[in-house]
Structure formats: structure tokens, C-alpha cells
Amino acid sequence: MAKWLVKTEPSECSIDDFENAKDQTIPWDGVRNYQARNFLQEMAEGDDVLVYHSSCKHIGVAGIVRVVTSAYPDPTQFREDSPYYDPKSTPEKPRWQAVDMAFEKKLPRLIPLDEIKSLPGLDGLALIRRGNRLSVMPVTEEQWRIILANA
DNA sequence: GCCAACGTTGGC
DNA sequence: GCCAACGTTGGC
């Protein structure tokens, strides 16, 4: 099973939204960056994902969700009324992918970004590379262990 | 609200 | 295919 980290603005979709949805799944859509999309495509059912809250008061890793589908064409790219509409996408040649995710758990406490930055052994993690804007990224077993050991 | 860093776009 | 202009991300 691969492991991942996704960024989200909690005002859009937070770990609490997942928890409140409980048995339902939430589509992870609206990703409009090719590198991030490629990672979405690599995701498989059963993969674990760290949920990172960005652009908010308490920035950091807030919980874990699970991938419950493989990637499929992101329906929002075809909807003209969606902020994620992409006129260059067609159902025959979709540009963007989505996966469905389900709540796994909320961490006992949020692990703040500055704490993650201070942990040794995370130099390779895209999240803390300077100027990084990637919203979907792989996490190695080692990085996963280091981050969660701090929860 | 600021602004550095980055990705994308489009003219040439 | 280059690169300047522009828009967006995201921490501070």
C-alpha cells in the first residue's frame, strides 16, 4: 500500500468533513496540476493519505483518510458551472482525474507545520521544500512513521 | 493583506 | 522553443 499526503483548505474540505460524512466517501476532485494529477492516478484502493490543512489558522496534518477507488475522470472538469470546469477537456479525452476517499481517523492533535519542519529525516518530503506548491504528494513509509510518531 | 515562488499561457 | 506576463498558492 502506498502512502500519500494531500493539502486542503479546511474551509473547503477538512478532516472534520470526512468524519461527519463517516460511512460516505468524498470525491477528491478539482486537482488542476499535472504533477498532482499524476500522483492521483497512481493511487490505489486501500492507500492511506495524510490530510494537511493549509491556508488557515492551524496549519498542519490533521488526520488520515483512505483511498477507496482508483482514479477516474474528474466530473467537475465537464461542468460549465463548476469553478473547476476545463473547456479543453472532453469525455473522450479527459485531462483531470479524481479519486474517492473515506474517513479513517482524526489525529489526537494536529501536527503543526513548524513542528513537521523541525523533524529530522523529512528532507525529501515535498511539503516542506521551499516554495513548494504540490497539493498531492507521495509519502514514504519512513516519512509516514516519522510524522505520525509525533502525533 | 503581502509577497515569494512557482506553473501556465501565449506571442513571437 | 523561448520567455515575459500573468495568475495562483500558501505561509507569514
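All of these numbers come straight from a predicted model, not from anything done at the bench. Values below: all heavy atoms of this structure, side chains included; hydrogens, waters and symmetry mates excluded. Chain A is the first sequence line, chain B the second, and so forth, proteins listed ahead of strands; every chain is numbered from 1.
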Paired with Met101(A), the side-chain contact (heavy atoms from CB on, under 4.5 Å) test is passed by just one of Asp47(A), Val68(A), Val49(A), namely Val49(A)
If you restrict it to nitrogen or oxygen atoms, what contacts under 3.5 Å exist between nucleotides 10-12 of chain C and the protein, and what is each distance?
from, atom 1, to, atom 2, distance (Å)
dG10(C), OP1, Lys7(A), NZ, 2.8
dG10(C), OP1, Arg133(A), O, 3.2
dG11(C), OP1, Tyr52(A), OH, 2.5
dG11(C), OP2, Ser55(A), N, 3.0
dC12(C), OP1, Lys117(A), NZ, 3.1

Side chain to side chain donor-acceptor pair (under 3.5 Å) against Asp100(A), all qualifying residues, sequence neighbours excluded: Tyr72(A)
Length of the CD-P vector between Gln35(A) and dT9(C), whole Å: 15 Å
Less than 4.5 Å apart, any side-chain heavy atom of Ile15(A) and any of His53(A)? yes
Whole-Å distance separating the CE atom of Met137(A) from the C1' atom of dT9(C): 12 Å
Can you pull out every side-chain hydrogen bond (donor to acceptor under 3.5 Å, both in side chains) where at least one residue sits in residues 101-113 of chain A? Sequence neighbours excluded, please. Asp16(A)-Lys106(A), Arg66(A)-Glu104(A), Arg109(A)-Glu115(A)
The residue among Tyr84(A), Tyr34(A), Trp28(A) that forms ring-ring contact (aromatic ring centres under 6.0 Å, His included) with Trp96(A) is Tyr34(A)
